Structures are given as C-alpha cells and as structure tokens.
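Please read all numbers here as calculations on a predicted model, not as lab measurements.
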Amino acid sequence: MEDQEQNDSEQFEELIQGLIDRDYGCCNNFITLDTIKGLSNNIQRLNAAGKLKESGIGNQDNFLIDQAVRGDKINWIAGESTDPFEMIYLKKIDRFIKHLNTTCFTSIKSVESHYASYEKFRFYKRHHDQFKQEKGRDFSIILYLNVSWLEADGGILSLYPVGKSQEDIAPLGGRMIFFRSSDMEHEVHASNTRERNSIAGWLKNV
C-alpha cells in the first residue's frame, strides 16, 4: 500500500508540475498495461455491440453531429461502474482529485468520463473543452489505450498553449494528459493506419 501511495503521489506531482511549467501535464504508465488492455477490450466489445455512439459538437441547446469537425464515437463511463478495469481507472482518478484538492486547494467535486474511439482517418479539429457560456469543467484528462502505438501510426494530439509553441503528443497506451479545460485549445489528428482509443475525462467543480 505504501509503494502504491508513493507511486501515485509521484505521478500526480508530475502532472501538476507539468501544468505549472508548460500548461499541461504528461505522465507515462499512469495505469498498468493489463488495465490498459482491459479498457481497450471494453471499447472493442462496446463497438461490436453497437454501443459506441457518434459524438457531436456544441452543448445541449446547440448540439450537432458534424464529422467534418469531430469524428469519434463515444460511450459514457458510469461513476458506479462495476467493471473491474473501469473501477481501477475511477479509483485512481478519485485519488488524483483528492490530491489536487489537498495540495493545490482546488475544489473538484466530480468527474465525468467517456470512451472515445477514432476509426482510421477520423479526427477532431482544434477546440476548447469548456464552453464560454457554461461552467463546470476545470481540468481535462486523457488516458490513452493504444497498445504498441508507433510513430508511423500518427494520430497525435496537438496542444496550443497561449503564447507558447505548439506541442505534439503521441497517444501511447498508458499515457495521461492533464490541462485546464477553458484555457488549452487542442486538436486530435487522424491516424491513417489504425483506430485510436482513449478515455476522455473532466474534473468538475459541480
């Protein structure tokens, strides 16, 4: 237990320090490979069962499916999930929230997460995660589920920190990305070789 707590603390501090230094945190091997494989298999089962749904843009009052802008398919993860791999993910994110609230005096009250699957050639153009007219999402998190991802597979995440150079990040399995939802514009580029899977989440103040 002490080793787990130490590992968690080091990973959480790596994400926080990255946010302070360059406006985003990046931590490899955030969750074990076995769990990444289990979560990836969940996406495959959901897709085979027709439970991954086309995503859209806009909010509830202005919702639109437009694959010229956003092309992933999603399935929301229930907070009370009993799936063993989702439980591991959710419990670790809960520990991260407690660490943030204790060490950084944030006021995160909840998390929402969904699987996101991009088939070959699908993408999501440059955008923010938090609508200007709405509140709630303080931080965005992305956990990549792509085992044995290669540079030739593409599918990079581009981040556009205000006043800084563009950052390109490969979607390697087990890698966690962390940034402020309202501040960081970002873009998902297409892979021309294989599907690209992740869990997208938001740490919320409501």
Side-chain angles (χ1 to χ4, degrees), residues 1-44 72 77 83-100 103-104 106 108 111 113-118 123-124 129 138-161 164-181 183-191 193-203:
M1 180 63 72
E2 289 182 0
D3 289 344
Q4 179 63 59
E5 291 176 353
Q6 178 65 26
N7 183 61
D8 280 355
S9 179
E10 290 175 357
Q11 290 183 326
F12 299 160
E13 285 299 315
E14 182 178 1
L15 291 170
I16 292 167
Q17 194 61 48
L19 185 73
I20 293 169
D21 292 342
R22 58 179 184 265
D23 297 335
Y24 74 95
C26 178
C27 176
N28 294 331
N29 304 312
F30 186 77
I31 285 181
T32 66
L33 180 59
D34 285 345
T35 301
I36 293 299
K37 289 180 177 178
L39 292 168
S40 181
N41 288 338
N42 283 352
I43 286 188
Q44 304 304 322
D72 59 327
I77 297 175
D83 175 87
F85 302 109
E86 292 176 1
M87 288 175 68
I88 291 171
Y89 163 78
L90 291 168
K91 287 179 180 178
K92 182 139 190 180
I93 298 306
D94 184 61
R95 295 196 297 271
F96 184 35
I97 289 172
K98 290 177 180 176
H99 188 87
L100 282 168
T103 64
C104 299
T106 54
I108 305 303
V111 60
S113 302
H114 66 59
Y115 291 109
S117 181
Y118 292 83
F123 54 85
Y124 191 170
D129 280 348
D138 279 351
F139 299 101
S140 298
I141 53 175
I142 307 167
L143 177 66
Y144 291 113
L145 308 179
N146 308 299
V147 178
S148 302
W149 194 265
L150 302 175
E151 183 177 355
D153 292 323
I156 61 171
L157 171 73
S158 287
L159 301 178
Y160 302 99
K164 299 179 182 178
S165 299
Q166 173 181 329
E167 298 275 357
D168 292 333
I169 301 171
L172 304 180
R175 175 171 283 175
M176 171 67 80
I177 306 297
F178 170 63
F179 53 84
R180 293 187 183 278
S181 302
D183 295 347
M184 182 66 76
E185 274 195 298
H186 54 289
E187 180 176 8
V188 178
H189 297 274
S191 169
T193 60
R194 55 184 286 197
E195 69 181 24
R196 176 191 187 281
N197 294 327
S198 63
I199 294 177
W202 296 273
L203 310 185

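D34 and F85 make their closest contact through O-CE2, 3.9 Å (heavy atoms, listed as atom of the first residue, atom of the second, distance). The two residues Q6 and E10 come nearest to each other via the heavy atoms NE2-OE2, 2.8 Å. Contact record, P171 with I156: CD-CA, 4.2 Å, taken as the closest heavy-atom pair. Between L159 and L157 the shortest heavy-atom distance is CD2-CD2, 3.7 Å. Heavy-atom minimum distance, I36 versus G173: CG2-CA, 4.4 Å. Listed here is the closest heavy atom pair of D138 and I108: OD2-CD1, 3.7 Å.
By the 6.0 Å contact criterion, NZ on K164 is enclosed, its count of non-hydrogen atoms from other residues, nucleotides or ligands being greater than 12. Within 6.0 Å of CD in E151 there are 12 or fewer heavy atoms belonging to other residues, nucleotides or ligands.
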Determine, step by step, whether Q11 and M176 satisfy the side chain to side chain contact (heavy atoms under 4.5 Å, CB included) criterion, reporting the C-alpha distance in whole Å, the side-chain angles of both residues, the deciding distance to 0.1 Å, and the verdict. CA-CA 10 Å; Q11 290 183 326; M176 171 67 80; over 6 Å; no

Evaluate the side chain to side chain contact (heavy atoms under 4.5 Å, CB included) criterion for residues R194 and W149: first the C-alpha distance (whole Å), next the side-chain angles of each, then the deciding distance (0.1 Å), finally the verdict. CA-CA 9 Å; R194 55 184 286 197; W149 194 265; 3.4 Å; yes

L39 and K37: side chain to side chain contact (heavy atoms under 4.5 Å, CB included), yes or no, with the steps? CA-CA 5 Å; L39 292 168; K37 289 180 177 178; over 6 Å; no

Tell me, with the steps shown, if I199 and Y115 meet side chain to side chain contact (heavy atoms under 4.5 Å, CB included). CA-CA 5 Å; I199 294 177; Y115 291 109; 3.9 Å; yes

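A heavy-atom distance below 4.5 Å is not found between the side chains of F123 and H189. Residues C26 and R175 form a side-chain contact, since some pair of their non-hydrogen atoms from C-beta on lies under 4.5 Å apart. Proximity of Y89 to I31: side-chain heavy atoms (C-beta onward) are separated by under 4.5 Å at one or more points.
The CG atom of L203 sits 7.0 Å away from the CD1 atom of I93 when rounded to the nearest 0.5 Å. Atom OG of residue S40 and atom CG of residue N146 lie 7.0 Å apart, to the nearest 0.5 angstrom. Rounded to the nearest 0.5 angstrom, L143 CG and S113 OG are separated by 9.5 Å. From I177, atom CD1 reaches atom CE of M184 across 10.0 Å, with rounding to the nearest 0.5 Å. Here the CZ atom belonging to F179 is positioned 4.0 Å from the OG atom belonging to S140, to the nearest 0.5 angstrom. Between the CZ atom in R95 and the CG atom in L90 there is a gap of 11.0 Å [rounded to 0.5 Å].
Under a 3.5 Å cut-off, the side chain of S198 and the backbone N or O of L145 do not form any donor-acceptor pair. Without hydrogens or angle criteria, S191 side chain to T193 main chain gives a donor-acceptor distance under 3.5 Å. The backbone N or O of P161 lies less than 3.5 Å from no partner atom in the side chain of Q166, so there is not a single donor-acceptor pair.
Checked for salt-bridge contact, D23 and R180 miss the test: no charged N lies under 4.0 Å from a carboxylate O.
A tilted orientation is assigned to the rings of F30 and F12, their planes being inclined by 30° to 60°.
Applying side-chain contact (heavy atoms from CB on, under 4.5 Å) to H99 and the options D8, I16, L15 leaves one that passes, I16.
The ring of Y24 has its center no closer than 6.0 angstrom to the ring center of F178. Aromatic rings of Y124 and Y118 (six-membered ring for Trp) have centroids beyond the 6.0 Å cut-off, not under it.
Counted by atom type alone, H186 and D129 present one or more donor-acceptor pairs between their side chains at under 3.5 Å. Residues Y160 and E187 bring a donor and an acceptor atom of their side chains to less than 3.5 Å of each other. A donor atom on one side chain and an acceptor atom on the other are found under 3.5 Å apart for E195 and Q44.
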